[in-house]
Asker: 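Quick one: this structure, given as structure tokens, is what I'll be asking you about.
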There are 2 protein chains.
Amino acid sequence: MADPLTSTRGQAAYRCLREMILDGTFPPETPLQENMLAARLGVSRTPIREALAQLLNEGLIARVSGLTPVVKRLSVDDFVEILHMRRLLEVEAAGRAARSSGTAVLRPIRERMMAFVAGEQPTDEEHAALDDQLHAAIASLSGSRLLTRYVTDLRLKTKMFDRGRLPERLVPGSQEHVAIIDAILAGQPEQAQEAMCTHLNNVRASILAYLGRLT
Amino acid sequence: MADPLTSTRGQAAYRCLREMILDGTFPPETPLQENMLAARLGVSRTPIREALAQLLNEGLIARVSGLTPVVKRLSVDDFVEILHMRRLLEVEAAGRAARSSGTAVLRPIRERMMAFVAGEQPTDEEHAALDDQLHAAIASLSGSRLLTRYVTDLRLKTKMFDRGRLPERLVPGSQEHVAIIDAILAGQPEQAQEAMCTHLNNVRASILAYLGRLT
DNA sequence: ACAGGAAGTATTGTATACATCCTGAAGGCA
DNA sequence: TGCCTTCAGGATGTATACAATACTTCCTGT
């Protein structure tokens, strides 16, 4: 049988709502009323409430003035804060990954990244999935479940900015990823940390430039 | 009126259960059955389920083999992992706090700490509360809500080890706290970071020694 | 016309009843 | 004797009904 935890309607509703928030089906400030969601997902309010509680904990939604929770709008400051935290944690993770064994799992990811550098054009989903896979693998190689979880949580919140909005970052981003991987494979913690730090600084700079371009 | 969020039975149950777990009323491995808890707290299963979901998210309880969640037993490795993460985050927070304005809030805390150094014997609750207050204030001075929240969450999980088990740490611990405060008040980030790092290393060492003494 | 209040409406909080699934034990068969 | 099957009990997942609360709108008085 499937994992009972992920096969309950409550968990399914959670994943569904999270996806709808991240992909823009529910834009920021959208009020999420329990009855509306229950009707829309075809379940009762009980699993909906469970899902909302989880999203509330994660910070993807918030109760602004008391009652009905709304989709949280990430301010630029929020975004910078999250990326700052990600840098702190992922730089640490990269350093620890370089000291770990089992780094071979990074090799197939490196191959795919090299293909992007060589000119292959992946779909957004493909690219995002590989990005996730790499950062998750590095966090996991750190050997700390806590670090892995925090990195995963933080990356979730910035994911809505990664949706193919910055195609010009594909090749340089992939090059930076390869640099991080190579430093880890070579067992050089300082270089791995530096490469990760550079990468995240570039991500921040390019997204801030994108946001500035909008105004 | 009181904050509507904290006056619901669900939130009350959450705080109540959390306290019971942290103070040992529910020791590790205790199964937390919804019916039992509902009867014990005098509410229905609905708010209990809400509270359990929150505790589950926080990691204070876990579903080990499927069904009934049990109070999580913190292994030594878990503890080291948490303290490692705390060091990473709180060192960062101390550095940023030293660069911030508004550090005057630390002065009354410093006075109390000095009283402990001078020989005053606080109750466990008093000491724990001041400790919380200091670390929370430093995290808050970092200017990052995210950092503050993470530090708070992590400290919660190690709190069960702080319950007056290490009376010999009172004076040196308070001295270390004063050193951190003084570095922040003096606006010296590097020294603040170093003092915080030293402090947390000492905390880890003394608790590991305590745990080793048990075996 | 504007402010204050009161009633109605809608939404969340809580309790309870029902459905589903897991667990454990008893009994039968090889 | 040991293992598998089956059934009973219980615990969680889900739906629904009810209670309480916050918001909205309209009315009234100044």
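So that the names make sense, note that chain A is the first sequence line, chain B the second, and so on, each numbered from 1. Reckoned from all heavy atoms, side chains included, excluding hydrogens, waters and symmetry mates. Note that the coordinates shown come from a computational prediction; the quantities given were computed from them, not determined experimentally.
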Asker: Taking 4.0 angstrom as the limit, do B/Arg155 and B/Asp131 come out as a salt bridge?
Answerer: yes
Asker: Are A/Glu120 and A/Arg112 ion-paired here, with the side-chain N under 4.0 Å from a carboxylate O?
Answerer: yes
Asker: Do B/Val203 and B/Thr158 make a side-chain contact, defined as non-hydrogen atoms from C-beta onward lying under 4.5 Å apart?
Answerer: no
Asker: Nearest whole angstrom, please: distance from the P of D/dA17 to the CZ of A/Arg49.
Answerer: 17 Å
Asker: Between C/dT14, D/dT12, D/dT16, which nucleotide gets closest to the side-chain atoms of A/Ser44?
Answerer: D/dT16
Asker: Have a look at A/Thr46 and say if it touches a base, only the backbone sugar-phosphate, or nothing, with a 4.0 Å heavy-atom cut-off.
Answerer: base
Asker: In whole angstrom, give the distance that lies between atom CE of B/Met36 and atom P of D/dA11.
Answerer: 10 Å
Asker: Determine: side-chain N/O of B/Thr8 to OP1/OP2 of C/dT12, distance under 4.0 Å, yes or no.
Answerer: no
Asker: May I have the distance from A/Leu41 (atom CG) to D/dA15 (atom P), rounded to whole angstrom?
Answerer: 11 Å
Asker: Round to a whole Å and report the spacing from CD of B/Gln11 to P of C/dT14.
Answerer: 9 Å
Asker: Expressed as a whole number of angstroms, how long is the span from B/Leu32:CG to D/dG10:P?
Answerer: 20 Å
Asker: Answer yes or no: is there a side-chain heavy-atom contact under 4.5 Å between A/Arg45 and A/Leu37?
Answerer: no
Asker: OP1 or OP2 of C/dT16 less than 4.0 angstrom from a side-chain nitrogen or oxygen of B/Arg45, does that happen here?
Answerer: no
Asker: Quick one: B/Glu34 CD to C/dC22 C1', roughly how many Å, whole number?
Answerer: 14 Å
Asker: Please state how far atom CG in B/Asn35 lies from atom P in D/dG13, giving the value in whole angstrom units.
Answerer: 12 Å
Asker: Once you round it to whole Å, what is the distance between P of C/dG13 and CD1 of A/Ile48?
Answerer: 14 Å
